[in-house]
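A short write-up of the structure that comes next.
By convention in this document, chain letters (A, B, ...) are assigned in the order of the sequence lines, proteins followed by strands, and residues within each chain are numbered from 1.
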Amino acid sequence: MGDVLVWLIWFLAAGGLLASGAAVVSVSNPFYSALALIANLASLAVLYLLLSAEFLAAAQVLVYAGSVMVMFLFVVAYLGGRADAPWAGGPPLLRTAALVAAIALLVEVVVVLGLAWGDNLSDPAEISAAFGSPGAIGELFLTDHLLAFEITSIVLLVAAVGGVILGTTPRRRGENEHRREA
Amino acid sequence: MSGPGVGWYLILSAVVFGTGALGVMLRRSPLIVLLSLELMLNAANLALIAFARQQGDLDGQVFALAVMAVAAAEVAIGLGLIVALARRDLPLDVDQASALKG
Amino acid sequence: MIDTPKVDWFALGPTLALLGASGVALLASVLVPAWMRKGVAAGLAFLGFALAAILGGAVFAETASPETTIAGSMVQDRLGAFAQVVVGAIGAIVVLVSWAEPRRSHRGEYYALLAAAGAGMVFFVTASNLMTLFLGLEWFSLCLYVLVAYDTHRARSLEAGLKYLIVGGFGSAILLFGSALVYGATGELGFAEIAAAGAGSDPFLVAGLAMVLGGLAFKVSAAPFHMWTPDVYQGSPSSVTSFMSAATKVAAMLVLLRVLTTAFPEEREIWTVAVAVLAAVSLVWGNLAAFAQRDVKRLLAFSSVSHAGFMLVAVAAGTEAGAEALLYYLVPYAAMSVGAFAVVAARERELGRDVSLEDLAGLGWERPLLGLSLWVFMLGFAGFPLTGGMFGKLFVFTAAYEAGDWWLVVLGVLATAVSIAYYLNVVRWLYMRTGADLGVALAGGSPPRDAALEVAVALTVLVTVGSFFAAQPILDAAADAARSLPF
Amino acid sequence: MNAAVTGAWVCLLAPLAGALAITLAGERISRRTAGWISTLTTFVAFAGALDAFIRLWARNHGDREVLSTAYTWLAAGDFEVGFQILVDPLSTVMMLVVSGVGGLIVWYSMGYMAGDDEERRYFAYMSLFVFSMLLLVEAGNFLLLLVGWGLVGLASYLLIGFWHERAEAVAAAKKAFVVNAFGDATFALALVLLVWETGTLEYPSVFERVDGLSSTIVTLVALGLLGGAVAKSAQIPLHTWLPDAMEGPTPVSALIHAATMVTAGVYLLVRTSPVFEAAVEIQHLAAILGAVTLVAAGLIALVQWDIKRVIAYSTMSQIGYMFLAAGIGAYGYAIFHLMTHAFFKALLFMSAGVVIHHLHGEQDIRRMGGLRAVLPRTHVAFGVGTLALVGIPPLAGFWSKDGIIASALATGGVLGWSLYLAALVGALLTGMYALRLYFAVWQGPPRETEDEAHTHASGQSEGPLSMLVPVGVLTCLSTIGGLLVVPGLWKPFEHWVEESAEALVHPTVAQDYATSVVAVALGLVGVWLARRAFEHGRQLVTDPTAWRILERKLYVDELYDAVFYRPAAALAVTLRQDVEGPVVERSLDEIGAGTLHAGGELSRAQSGLLRTYAITVAFAVSVLVVVFVAVR
């Protein structure tokens with residue numbers, strides 16, 4: 001019975017994930033696209049829960065969907081109408097090529113999955129209740145992945161500085177454009 | 001583990017990765033391209049977490065958490081760049097950013 | 001009580017030096033009076049890079065055999081230390097090149113970011129699991145995205161930044177997905193553990209390997225993953241280009257070598273062939289496309305693609321001799337690359353616009369040092385003797401011949417012969433005066449002599465020529481470093 | 001340091017110092033100073049070479065090979081590479097020729113190039129070239145040989161394209177470059193193979209180990225070396241660049257395309273003779289190529305109208321003789337002819353330069369004529385050069401060329417006889433084309449261009465002292481330079497070179513003199529034919545009645561004309577238009593065009609559209625994944 005419920009939730013989350021993913025790349029307004037990504041992140045969080053990654057699910061919702069995407073929405077709002085760009089366009093060949101390349105990547109991964117389906121995907125490991133809890137993750141961050149943890153913080157810091165530098169350049173339109181524009 | 005096996009999650013992950021890649025290759029708005037990149041990173045995260053579950057090994061989850069931070073960092077810089085483009089009154093359209101070529 | 005791992009401060013030394021320099025420079029560029037911000041930040045960045053190189057040298061001297069530290073997330077070995085010395089030296093020279101670059105704003109922060117990017121690279125080369133690999137990669141890449149777009153008043157700089165960010169993000173995502181697949185196949189993140197897991201020809205593992213290879217090939221700008229290279233090299237501020245073309249290539253190439261040999265020794269037959277094909281494509285594409293270029297920075301960009309090809313020939317050998325050849329190759333290549341872009345940067349500052357081949361006319365007579373240096377660099381790129389470029393190619397070909405890749409040797413020699421034509425074309429322009437020469441008007445008169453840049457160029461010439469005459473010590477160091485890898 | 005070597009080092013480094021000084025000084029020195037720096041450093045090099053030669057001379061026979069290592073870069077096991085030069089009889093001869101003739105030509109350029117906007121660049125290139133050439137001939141190991149080889153190509157490329165505002169000059173430089181790049185590539189591959197198989201780079205140890213190699217390897221190595229030599233020396237089939245290279249300034253042609261660079265191939269054949277002796281078929285191939293070239297180039301020279309092109313084809317033909325000699329193992333004569341040829345061919349080029357200078361750049365011999373009265377001194381010089389080229393005793397060319405032909409006779413067998421015949425035909429052709437040129441330029445009444453040039457007073461227009469003195473010196477050398485080898489009397493030169501490369505054939509004195517008689521006779525027949533043709537042409541135009549009377553008397557002439565001159569000329573035209581044009585040139589041009597085209601296409605692929613870049617990456621990764629999964 002529990003299985004059925006899990007499957008049901010899985011299907012709902014998967015449906016949400018795929019639909020919102022498709023929406024992200026297909027809607028024409030970046031604002032809706034960003035909203036779709038928030039929905040996508042939320043669906044992912046549900047799947048994370050099913051995969052016993054409670055802490056990640058929480059982080060996904062709080063940090064990612066909650067803060068990062070809000071920042072994104074702010075920028076889209078700030079840009080206003082300027083944020084709109086043509087949907088795809090360009091030579092039809094380009095669109096076809098994009099589609100083919102994306103499908104090729106997808107099919108390959110699926111084929112690889114099919115090849116591996118029998119052997120190592122069948123029996124997931126037994127896990128303890130603490131698997132994926134904040135405590136367990138935190139402990140790993142202080143032991144095995146201490147360095148990765150520190151670097152993550154550095155990356156964030158660098159990004160903050162970089163974002164500020166790029167975002168705060170004084171507005172000097174066209175003045176002393178010192179290079180030939182083609 | 002009750003419910004769907006890891007393979008099902010991986011199929012989802014592959015589809016989302018493909019969708020994101022398609023977005024990067026197809027869309028012209030840098031904002032949406034940026035969001036598509038996020039999609040790709042999250043697909044990889046789903047794969048990492050699914051594998052972590054299957055292996056019973058938390059490393060994958062830790063990796064996924066780090067990736068989240070990186071994704072946020074990429075967004076921050078991408079947005080900064082887009083704002084800078086907008087301030088210079090340059091078109092927010094990757095197809096029009098093609099002065100550099102040949 | 002959590003048992004935190006012992007932190008090996010010594011092994012982290014080069015990274016910390018640069019990180020510290022970067023942090024202090026960042027603070028300085030906000031806190032110290034405006035007029036001295038640039039000086040203080042540049043000085044700090046220079047010191048940071050120099051210190052990183054020195055500490056890298058110390059690590060090299062102290063580390064006889066490789067050992068992983070900090071819970072296996074990084075490795076302390078001579079391979080990494082070698083790269084740290086090279087990257088540190090490149091960075092210090094690039095600081096000199098950057099000094100007189102006209103910049104509108106954030107003059108101090110530029111050096112902070114440069115140092116941060118350097119810190120990312122010197123860490124990246126010591127990464128020993130997929131997570132630190134990815135994080136290190138993103139660390140320096142994010143810094144470079146910002147640096148490429150740094151001249152926000154130039155549309156081209158922004159365009160280059162946008163392209164690099166998006167295509168780079170795409171490449172990183174592929175690398176990440178590949179890492180996830182490798183993790184799925186083995187349940188391990190550490191390179192050595194992945195190899196030890198013995199997953200053999202698991203489909204996840206090989207698919208993941210392909211994606212990791214693709215992601216790294218992107219960073220070393222091997223064809224056909226190179227298409228961002230010319231655009232980004234042309235659009236970025238020239239000092240940043242010189243840094244990227246040298247330091248990124250060194251770091252990414254070494255990590256590519258490290259990952260392939262330490263994590264995927266069992267798949268050697270597959271990746272040697274794949275890398276050989278990438279090398280061949282890079283040689284052909286890079287050299288042919290370079291022919292059609294008028295813009296000097298683009299020409300150099302395609303030349304850097306073809307050099308990625310030569311380096312990959314060494315990697316494709318999959319032997320210790322190949323690794324040695326690659327390490328040696330990187331030294332003169334890095335020097336020539338930094339130097340060549342520095343000379344272009346100098347001309348660019350004089351003219352106030354992108355430098356085409358015609359714009360080089362007469363440079364050899366007006367600025368003899370720069371002209372002679374560019375001449376040396378072009379000859380070095382072409383593998384002419386009296387520059388380290390020649391031994392680099394010789395070692396690479398020897399390693400490939402030993403490994404049985406004789407077709408790559410033939411292709412490489414042919415590519416070299418062809419490449420001489422466009423390199424010499426640059427030299428030809430340097431020393432000629434044409435009627436069009438008069439059209440090369442200086443923007444606001446000749447700028448003052450740029451001593452920092454000239455010192456930088458002189459240093460790179462010294463290394464370019466020095467690596468020919470003092471080939472033995474470099475080769476010994478390269479051999480020591482190559483021994484850290486399990487062949 | 002060994003005393004004999006000091007001079008050699010000075011010889012090598014002086015021109016380098018000159019080149020660096022001019023380059024680094026930039027615009028701080030006057031053009032004239034740049035010229036003097038270049039000239040004097042080259043003469044210092046000559047002094048060094050002379051010093052080395054004399055000291056080597058003073059040593060005992062058999063002890064005249066000094067290897068001097070300034071610095072070792074690489075030492076892994078018994079594999080050592082360093083900056084090392086070899087001073088032995090062969091290299092001292094080459095040093096003397098290169099620095100001596102080179103110095104004269106550089107000096108001559110000071111007059112010739114005076115007033116050119118870019119004299120500094122010119123002299124920097126010249127010094128660089130002299131340095132490279134000296135490095136090539138002094139190199140003590142294969143690596144340095146390659147260094148010199150590459151640098152020589154570079155410097156010649158820069159010099160041919162010196163007048164960069166002329167599209168033909170740039171095209172010619174490119175062509176020279178492309179053809180030479182092919183040779184350089186085979187040369188480099190041969191070296192890699194050789195180093196790989198013998199594990200060493202030094203000449204003596206490589207030659208010792210050549211015998212131990214498999215015949216396939218030796219053949220491949222020899223073939224690669226021959227490829228380099230053929231391209232550098234403009235032998236068939238890689239000869240097409242040389243005539244075009246005449247777009248460069250005339251002193252450049254004198255230096256590079258007569259005296260030094262084009263003979264580098266001959267030097268290589270002699271220097272690496274042990275390799276070729278181990279691969280005899282390839283050595284013979286060199287001789288055959290030489291023979292074919294000497295005849296074909298001689299024929300083509302008959303129908304050229306450009307004064308410098310005639311001389312260029314003549315150069316090809318003469319180098320054909322040297323290849324022939326080196327190919328049958330007559331090393332001493334190959335080098336001897338190399339030296340005498342350097343004298344008289346440089347002399348011809350420089351006299352031609354005086355003519356061109358005098359006529360303000362006119363190079364077409366149809367617009368020349370009757371210059372004897374205006375340029376009397378140059379006329380003498382040119383005449384001496386022409387006769388030396390034809391091989392009239394006792395001028396320089398006689399002794400060296402006849403030695404080669406006699407060696408072919410001494411070789412015997414089908415090969416020897418064919419080569420002998422080819423060489424004799426070449427002697428005939430030489431007489432014809434050389435004198436045709438001489439008559440067209442110097443004899444007869446002045447042509448229209450003469451009027452413009454006539455504003456100069458007679459004699460004065462022969463150029464400044466810096467041009468006249470070198471021409472004079474070379475005239476003397478072309479006259480007496482051949483006396484170093486007089487068969488039956490003494491052969492110091494041949495013995496000197498033999499210490500470096502033991503000759504495989506030794507013609508007897510009888511063979512020598514018999515050959516001399518035949519060759520000189522044929523040369524004279526050629527001269528006579530040319531003179532007849534020239535006079536015949538004159539009379540035909542001036543007095544039809546007299547011509548008709550003379551026609552009968554000269555019935556033999558007509559016959560000769562029909563039997564020799566016309567078919568030869570027709571064949572020459574055919575060779576030039578139908579064979580050389582479409583087959584050789586076009587295919588090379590097509591390769592070049594194809595390369596450029598491919599470059600352009602790739603450049604178009606670089607559309608600037610970001611999305612295409614992402615698509616390319618995605619496709620490439622897909623392919624990688626498919627391949628990896630498929631072959632795992």
Side-chain angles (χ1 to χ4, degrees), chain A residues 98 101-102 105-121 124-125 135-182, chain C residues 2-5 7 12 19 22-23 26 69-74 102 104-106 109-110 112-113 116-117 119-120 123 129 131-132 135-136 138-139 142-143 145-147 149-150 152-156 158 161 174 177 181 184-185 187 189 199 202-204 206-208 210 348 352-354 443:
Chain A
L105 277 179
L106 173 66
V107 168
E108 276 169 7
V109 179
V110 172
V111 167
V112 168
L113 264 173
L115 288 172
W117 197 270
D119 350 319
N120 44 5
L121 290 183
I137 302 266
E139 187 175 333
L140 272 180
F141 261 139
L142 289 180
T143 55
D144 278 7
H145 298 298
L146 178 64
L147 199 55
F149 182 57
E150 299 302 336
I151 294 169
T152 309
S153 56
I154 294 168
V155 168
L156 283 171
L157 187 66
V158 163
V161 173
V164 167
I165 289 173
L166 288 176
T168 63
T169 14
R171 195 181 192 122
R172 284 190 214 174
R173 191 176 306 166
E175 173 220 331
N176 280 339
E177 184 61 34
H178 88 261
R179 295 191 174 207
R180 267 186 310 216
E181 297 294 340
Chain C
I2 294 172
D3 209 10
T4 54
V7 174
L12 276 173
L19 204 54
S22 171
L26 189 63
T69 70
I70 320 188
S73 17
M74 67 177 280
R104 301 293 177 84
S105 55
H106 300 298
E109 287 90 335
Y110 170 86
L113 271 176
F123 173 74
N129 69 31
M131 198 191 310
T132 41
L135 288 170
E138 286 296 322
W139 177 354
L142 288 168
C143 298
Y145 299 150
V146 180
L147 285 171
Y150 213 88
T152 43
H153 58 281
R154 281 195 301 120
R156 289 179 170 213
L158 286 174
I174 288 173
F177 202 82
L181 290 181
L189 288 175
D202 183 282
F204 280 156
V206 286
E348 203 173 70
R353 57 178 147 91
D354 279 7

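- With rounding to the nearest 0.5 Å, the separation of CG in A/L147 from CD in A/E150 is 7.5 Å.
- Using a 4.5 Å cut-off between heavy atoms, C/L26 contacts chain A through its side chain alone, with no backbone atom that close.
- Between the side chains of C/H153 and C/S105, no donor N or O sits under 3.5 Å from an acceptor N or O.
- Neither the backbone nor the side chain of C/L181 comes within contact range of chain A; no heavy atom of the residue lies under 4.5 Å from a heavy atom of that chain.
- Using a 4.5 Å cut-off between heavy atoms, C/L19 touches chain A through its side chain atoms alone.
- When A/V111, A/V112, A/L157 are compared by the number of non-hydrogen pairs under 4.5 Å with chain C, A/V112 comes out ahead.
- Chain C forms the most heavy-atom pairs under 4.5 Å with one residue out of A/T152, A/L146, A/I154, and that residue is A/I154.
- Taking each heavy atom of C/S22 and C/A112 in turn, the nearest pair found is OG-O, 2.8 Å.
- Using a 4.5 Å cut-off between heavy atoms, C/A207 contacts chain A through its side chain alone, with no backbone atom that close.
- Neither the backbone nor the side chain of C/V206 comes within less than 4.5 Å of any heavy atom of chain A.
- If you measure heavy-atom distances from A/I165 to chain C, the contacts under 4.5 Å come from both the backbone and the side chain.
- Partners of A/V155 by side-chain contact (heavy atoms from CB on, under 4.5 Å), not counting sequence neighbours, listed by chain and number: A/I151, B/V70, B/A73, C/W139, C/L142.
- Residues from residues 135-142 of chain A that place a non-hydrogen atom less than 4.5 Å from a non-hydrogen atom of chain C comprise A/E139, A/L142, given in numerical order.
- Across every non-hydrogen atom of C/Y150 and C/H106, the tightest pair is OH-O, 2.7 Å.
- C/D354 has its side chain within reach of C/R156: a pair of non-hydrogen atoms, C-beta onward, lies under 4.5 Å apart.
- Only the side chain of A/V109 comes within contact range of chain C, with heavy atoms under 4.5 Å apart.
- A donor-acceptor distance shorter than 3.5 angstrom exists from the side chain of C/T132 to the backbone of C/S73, with no hydrogens or angles considered.
- Using a 4.5 Å cut-off between heavy atoms, C/Y145 makes no contact with chain A at all.
- With a 4.5 angstrom heavy-atom cutoff, C/L113 touches chain A only via side-chain atoms.
- With a 4.5 angstrom heavy-atom cutoff, C/F177 touches chain A only via side-chain atoms.
- Annotation for C/A149 and C/G161: closest pair CB-CA, 3.9 Å, computed over non-hydrogen atoms.
- Contacts between A/V161 and chain C at a heavy-atom distance below 4.5 Å involve the side chain alone, from C-beta outward.
- Summarising the geometry of C/N129 relative to C/M131, their closest heavy-atom pair is OD1-N, 2.9 Å, with the distance given to 0.1 Å.
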